[in-house]
Amino acid sequence: MPAAPAFQSEFLKTFAARGAYYDCSAPQDLDALFAKERVTAYIGFDCTADSLHVGSLVQLMTLRRLQQAGHRPILLMGGGTTKAGDPSGKDETRLILTPEQIEANKQNILGGIRHLLKFGDGPSDAILVDNAEWLDKLEYIPFLRDVGRHFSVNRMLTMDSVKLRLDRDQPLSFLEFNYSIMQAYDFVELYKRYGCKLQSSGSDQWGNVVSGIDLGRRMQSAQLFGLTTPLITTSSGAKMGKTSAGAVWLNANRVSPYDYWQFWRNTEDGDVGRFLRLFTELPEAEIARLEKLQGAELNDAKKVLATEATAILHGREAADKAGDTARRAFEEGASADGLPTITATLPDGILNLAVAAGLAASNSEARKLIANNGLKLNDTSVSDPKLTVDASALNSDGVLKLSSGKKKHVLVKPA
RNA sequence: GGAGGGAUGCCCGAGUGGCUAAAGGGGACGGACUGUAAAUCCGUUGACUACGUCUACGGUGGUUCGAAUCCACCUCCCUCCA
């Protein structure tokens with residue numbers, strides 16, 4: 001990772017201090033631009049799913065910080081590119097989504113991040129743009145003449161993304177080859193429409209970003225900029241944001257605020273300081289204090305991280321509630337309300353309940369969980385898979401608690 | 001258009017007629033140790049009305065007492081040549 005230059009502008013100074021800086025196309029010029037004017041900047045997101053996940057969080061935080069520094073963030077949704085179907089996933093041909101699905105995805109994504117960014121018409125309000133607006137209308141020959149002529153195949157062949165494939169004798173479709181052209185074109189289009197001069201992205205998109213900058217110079221004689229963030233991995237090397245249940249989604253209907261809080265609470269020791277800088281807005285002095293905590297005390301720092309990160313995504317109230325629920329569930333062993341809750345008709349077999357609660361995918365899995373001594377009913381291990389649970393298991397609040405392992409708890413309410 | 005190669009469980013990947021619900025690895029889950037961490041060790045990892053039954057090695061048929069393994073056709077993917 002290149003060392004971050006000493007920036008003068010508020011935004012870049014913060015950006016670098018928070019560990020979000022990886023590389024920049026023209027650091028001095030961009031710094032000057034930030035110091036001089038309100039900058040419009042964009043980051044592109046795929047809209048194949050109805051929610052973004054934690055993997056996009058560094059980018060979203062970049063937009064948030066831009067906004068806080070008084071600049072204008074653009075959230076570019078790849079509605080157009082999604083229609084073509086991104087082939088880069090290698091084997092499985094991705095299903096091509098209908099325009100209706102894409103539209104629904106966009107709205108859901110937007111809803112999921114409403115605490116993170118303020119959208120609107122104000123000078124530094126975020127705007128949502130869909131590249132289908134222009135990509136859909138492209139005509140092949142005019143596009144080739146106006147845009148295609150600026151791309152040298154010779155140079156495209158040297159781009160890492162392409163070169164790697166060719167070196168390994170892996171296939172690269174023409175569509176895929178064109179992806180970077182479309183992405184480059186997005187940048188120019190956003191410059192024309194919104195005066196957008198900066199594209200931010202993960203470091204893996206560097207080639208595409210540079211193509212856009214190049215195209216801007218050729219077509220518009222404009223100086224555009226690229227700013228990338230590092231790829232975030234956990235200190236043990238895993239890609240961040242994957243857990244048992246799959247991706248850690250940002251939308252509350254996919255991953256509840258409580259589970260989201262838990263995700264951050266379970267951060268590895270070595271990542272606490274780094275994540276506090278990247279994913280919260282606590283002052284540096286506070287972070288410096290927290291990351292120095294040793295041993296079990298570091299857990300306090302993780303709780304702060306969890307609450308702060310959850311507050312940014314779901315709001316302060318939801319974050320505090322999640323923290324409180326966790327405290328009661330883990331530290332007092334209570335079946336705190338606020339835990340994920342299901343309703344069921346009692347009496348019912350323990351296997352059915354475990355499956356209904358999402359603690360096991362099938363009866364077989366539930367049996368195995370019991371065989372491994374991992375399923376608990378009201379904090380007591382269940383040993384008999386044929387156990388029938390009736391109303392006598394309910395506690396004074398009229399619920400019972402089922403747990404898989406030490407961390408996953410679900411409340412069951414009688415229907 | 002021609003010639004080859006391939007498709008195995010969540011993923012990678014062995015397996016070329018019975019010993020195969022399918023080696024090994026990864027991942028995941030549970031247990032132990034801990035601090036709701038990491039590392040390590042142990043166990044589990046197709047389903048079900050569960051010492052049994054059913055379903056499974058791209059699809060459909062066939063050969064055989066018996067097929068992931070052999071044959072035919074089909075689908076998809078890849079490589080090379082033109």
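Letters A, B, ... are given to chains in the order of the sequence lines, protein chains preceding strands, and every chain is numbered from 1.
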What's the gap between B:rG5 and B:rC71 when it is taken at their P atoms, as a whole Å value?
12 Å
So does A:Arg155 pair up with A:Asp214, basic N to acidic O under 4.0 Å?
yes
Taking atom P in both B:rG15 and B:rC54, what distance in whole Å separates the two?
30 Å
Does A:Ser403 use its side chain to pair, donor to acceptor, with the backbone of A:Gly405 at less than 3.5 Å?
no
Sticking with atom C1', work out how far B:rC70 lies from B:rU63, rounded to a whole angstrom.
8 Å
With a 4.0 Å limit, can you tell me whether A:Lys407 has a side-chain N or O closer than that to the phosphate oxygens OP1/OP2 of B:rG30?
no
Comparing nearest nucleotides in RNA chain B, the 5'-proximal residue of the pair A:Gly374, A:Lys406 is A:Gly374
Just how far, in rounded Å, is P of B:rA50 from CG of A:Leu369?
19 Å
Just to be sure I understand the rule, does A:Gly405 reach a base, reach only the sugar-phosphate, or reach nothing, if contact means heavy atoms closer than 4.0 Å?
sugar-phosphate
Rounded distance (Å) that lies between atom P of B:rG35 and atom CG of A:Leu290
20 Å
Between residues 301-311 of chain A and RNA chain B, which residues have a heavy-atom gap below 4.0 Å?
A:Lys302
Mind checking the P distance from B:rC48 to B:rU55? Whole angstroms is fine.
15 Å
Check the surroundings of atom CD in A:Gln8: do more than 12 heavy atoms from other residues, nucleotides or ligands lie under 6.0 Å from it?
no
P spacing across the pair B:rU34 / B:rU49, given as an integer number of angstrom:
38 Å
With sequence neighbours left out, write down each residue that passes side chain to side chain contact (heavy atoms under 4.5 Å, CB included) with A:Ser381, or none if nothing qualifies.
A:Asn373, A:Lys376
Under a 3.5 Å cutoff, is there a donor and acceptor pairing between the side chains of A:Gln183 and A:Gln199?
no
Considering only the C1' atoms, how many Å lie between B:rA72 and B:rU53, rounded to the nearest integer?
33 Å
Has the side chain of A:Arg18 got a donor or acceptor atom that lies under 3.5 Å from a matching backbone atom of A:Thr280?
yes
Scan residues 354-368 of chain A against RNA chain B and write down, sorted by residue number, each residue with any heavy atom closer than 4.0 Å; if none is found, say none.
A:Ser362, A:Asn363, A:Ser364, A:Arg367, A:Lys368
Provide the distance between the two C1' atoms, one in B:rA22 and one in B:rU8, to the nearest whole Å.
9 Å
Starting at CD of A:Glu268 and ending at P of B:rU36, how long is that distance when rounded to a whole Å?
16 Å
With a cut-off of 3.5 Å and sequence neighbours excluded, list every side-chain donor-acceptor pair involving residues 358-369 of chain A.
unit_1	atom_1	unit_2	atom_2	d
A:Ser362	OG	A:Ser364	N	3.4
A:Ser362	OG	A:Glu365	N	3.1
A:Glu365	OE1	A:Ala361	N	3.1

Just call it for A:Gln262: base, sugar-phosphate, or nothing, with non-hydrogen atoms closer than 4.0 Å on any strand.
base
Rounded to whole Å, how long is the line connecting atom CH2 of A:Trp264 with atom P of B:rG35?
25 Å
Pairing annotation in dot-bracket form, given for RNA chain B with Watson-Crick or G-U pairs under 3.5 Å and | for cross-strand partners
((((((((.[[[..)..(.....]]]((((((.......))))))(((...)))...[[[[[..)....]]]]]))))))).
In terms of side-chain heavy atoms of A:Asp269, which of B:rU44, B:rG35, B:rU36 is nearest?
B:rG35
Lys/Arg-Asp/Glu bridge criterion (N-O < 4.0 Å) met for A:Arg289, A:Glu286
yes
Value in whole Å for how far the P atom of B:rG35 lies from CG of A:Asp300
13 Å
Extract all donor-acceptor atom pairs below 3.5 Å that involve side chains of residues 300-308 of chain A and protein atoms in other chains or at least two apart in sequence.
unit_1	atom_1	unit_2	atom_2	d
A:Lys302	NZ	A:Thr267	O	2.9
A:Lys302	NZ	A:Asp269	OD1	2.7
A:Lys303	NZ	A:Glu331	OE2	2.9
A:Thr307	OG1	A:Trp261	NE1	2.9
A:Thr307	OG1	A:Lys303	O	3.0
A:Glu308	OE1	A:Arg316	NH2	3.2
A:Glu308	OE2	A:Arg316	NH1	3.0

Just how far, in rounded Å, is C1' of B:rG35 from CG of A:Leu293?
13 Å
Is A:Asp390 reaching over with its side chain to a backbone N or O of A:Ser392, donor-acceptor style, under 3.5 angstrom?
yes
Toward the 5' end of RNA chain B, which comes first, A:Ser404 or A:Asn299, by nearest nucleotide?
A:Ser404
How long is the line joining CG of A:Asp259 and C1' of B:rU36, in whole Å?
13 Å
How would you label the glycosidic angle of B:rC51: syn (within 90° of 0) or anti?
syn
With a 3.5 Å distance limit and no angle check, can you tell me whether A:Asp130 reaches the backbone of A:Ala132 through a side-chain donor-acceptor pair?
yes
Nucleotide B:rA50, atom C1' - distance to NZ of A:Lys386 in whole Å:
8 Å
Checking A:Asp50 side chain against A:Ala104 main chain: does a donor-acceptor pair fall under 3.5 Å?
no
In whole Å, measure the gap between the C1' atoms of B:rC33 and B:rU16 for me.
46 Å
Under-4.0 Å salt bridge between A:Asp125 and A:Arg72:
no
